[in-house]
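Right, one structure below, let's go through it.
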Amino acid sequence: MWWGVASALLANVFYSTGFVLEKRALSDLPHLSTGQPARVVRLLIGSPLWLGGSFALAAGFAAQLAVYRTLPIAAAQGIFVSGLVLLLLLSSVVLGERPSGRERRSVVAITLALLMVVASLQHSDAVGGHASSRRVLLICLPALAAGLWLYRSVERRARRRHRLPTAGVEYGVAVGLLYGVSSLAIKGVSGLLRTRGVSDAAFDLLKSPYPYILLVTGATGLILSQTALQRCRASLIVPVCTTVTCLFTAALGTFVFGESLPEDPLRLALRLGGTALAVSVLLMLPRHDEPPTPTKELAHEA
């Protein structure tokens with residue numbers, strides 16, 4: 001179990017580092033548009049700094065596979081949320097982003113949620129490894145459609161004149177749904193590898209929906225996440241995306257893979273309370289960035 005906790009924390013380091021490197025690279029690239037996916041890919045792979053960030057994210061993906069082999073899916077998501085603390089620190093130091101007071105309080109609440117989830121863990125917790133393809137598709141396809149619809153809706157509203165600049169919450173929710181679907185597919189791949197081994201699981205993987213879900217979410221998520229990350233602060237959009245991904249995976253992944261919640265009342269309260277606290281943090285975040293006041297503009301120019 002503790003190997004799983006260590007792998008989850010390592011994944012957090014890789015993911016936070018990767019997102020910050022990608023955001024730093026995106027600030028030097030021309031404007032990206034979801035309507036020109038080939039141009040987006042060409043610009044991204046031409047940036048060495050962005051490639052470094054993508055390699056860090058790939059390392060986080062590998063660590064996530066190890067996590068799902070040793071920890072229940074709901075507990076793993078609670079630990080993944082802790083990466084938001086490191087992300088906000090890195091975005092402040094490397095990117096010069098300054099979280100608002102409300103966002104800093106959200107970090108404290110997220111840290112408390114992490115401690116509650118970790119305290120609910122026990123060595124006897126069952127780790128699910130198999131789910132029917134029908135059940136997986138029943139959950140994943142509507143979530144994919146919802147994420148794409150929400151992203152497109154935000155894009156349309158963002159083109160309107162006299163609209164307050166978006167802080168990125170809606171973008172984060174849309175991309176979080178896509179990554180939540182991807183996380184369920186990673187869990188499915190991990191389960192097959194855990195029960196059958198690499199060589200025996202290869203044919204079963206090709207028959208399962210998991211590799212195809214990963215291809216769709218990987219390609220779509222690449223375009224949508226990078227355009228959103230270029231437009232909005234990493235210190236807001238990534239926490240929202242991470243929270244939505246973790247909640248989606250914990251709530252629906254537990255059902256899909258047949259993992260049971262703790263039977264002990266105290267552990268159950270900690271697990272559910274930590275999840276509820278994370279939801280409340282997401283609802284607290286502002287939907288729009290405050291427009292700069294004349295005082296702030298003068299101070300910035302000075």
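Ala143 approaches Val181 most closely through the heavy-atom pair CB-CG2, 3.6 Å. Contact record, Ala63 with Ala11: CB-CB, 3.8 Å, taken as the closest heavy-atom pair. For the pair Tyr210 and Val136, the tightest heavy-atom approach, listed with the atom from each and the gap, is OH-CG2, 3.8 Å. Between Ala174 and Gly147, the shortest heavy-atom distance links the atoms CB-O, 3.4 Å. Smallest separation of non-hydrogen atoms from Phe14 and Ala56: CB-O, 3.2 Å. The shortest heavy-atom contact between Glu155 and Thr34 is OE2-OG1, 3.3 Å.
Just one residue in the list Val244, Val238, Thr245 forms a side-chain contact (heavy atoms from CB on, under 4.5 Å) with Cys241, and that residue is Thr245. If you run side-chain contact (heavy atoms from CB on, under 4.5 Å) between Leu184 and each of Ile213, Val189, Thr217, Ile139, only Ile139 comes through.
Note that CG of Leu178 and CG of Leu150 are 9.5 Å apart. Values are rounded to the nearest 0.5 Å. Atom CD of residue Gln64 and atom CG of residue Asn12 lie 9.5 Å apart, to the nearest 0.5 angstrom. Within the model, atoms CG of Leu177 and OG of Ser182 stand 12.5 Å from one another, a figure rounded to the nearest 0.5 Å. To the nearest 0.5 angstrom, Lys207 atom NZ is 10.5 Å from Leu205 atom CG. Within the model, atoms CD of Gln226 and CG of Leu32 stand 8.0 Å from one another, a figure rounded to the nearest 0.5 Å. Going from atom CG of Leu44 over to atom CD of Glu22 covers 8.0 Å, rounded to the nearest 0.5 Å.
Partners of Thr227 by side chain to side chain donor-acceptor pair (under 3.5 Å), not counting sequence neighbours, listed by chain and number: Tyr151.
Taking hydrophobic clusters as Ile, Leu, Val, Met, Phe, Trp and Tyr residues chained together by side-chain heavy-atom distances below 4.5 Å, Leu49 does not share a cluster with Leu29. Linking Ile, Leu, Val, Met, Phe, Trp and Tyr residues whenever their side-chain heavy atoms come within less than 4.5 Å places Leu229 and Val154 in a single cluster. Under a hydrophobic clustering in which Ile, Leu, Val, Met, Phe, Trp and Tyr are joined whenever their side-chain heavy atoms come within less than 4.5 Å, directly or via other members, Leu215 and Val175 fall into different clusters. Two different hydrophobic clusters hold Leu21 and Val13 under the rule that ILVMFWY side chains link at heavy-atom gaps under 4.5 Å. The hydrophobic clustering, which links ILVMFWY residues whose side-chain heavy atoms are closer than 4.5 Å, places Leu214 and Tyr15 together.
Of the possible polar contacts, one joining the Tyr212 side chain to the Leu206 backbone as a donor-acceptor pair under 3.5 Å is found. Remark: side-chain polar atoms of Gln230 are paired, donor with acceptor, to backbone N or O of Pro30 under 3.5 angstrom.
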Q. Yes or no on side-chain contact (heavy atoms from CB on, under 4.5 Å) for Leu148 and Leu224, after CA distance, side-chain angles and deciding distance?
A. CA-CA 9 Å; Leu148 293 174; Leu224 301 189; 3.8 Å; yes
Q.
side-chain contact (heavy atoms from CB on, under 4.5 Å) for Ser183 and Tyr68? Distances and angles first, verdict last.
A. CA-CA 10 Å; Ser183 186; Tyr68 284 150; 2.6 Å; yes
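No more than 12 heavy atoms of other residues, nucleotides or ligands sit less than 6.0 Å from atom CZ of Phe55.
Side-chain polar atoms of Tyr179 and Ser225 form a donor-acceptor pair below 3.5 angstrom.
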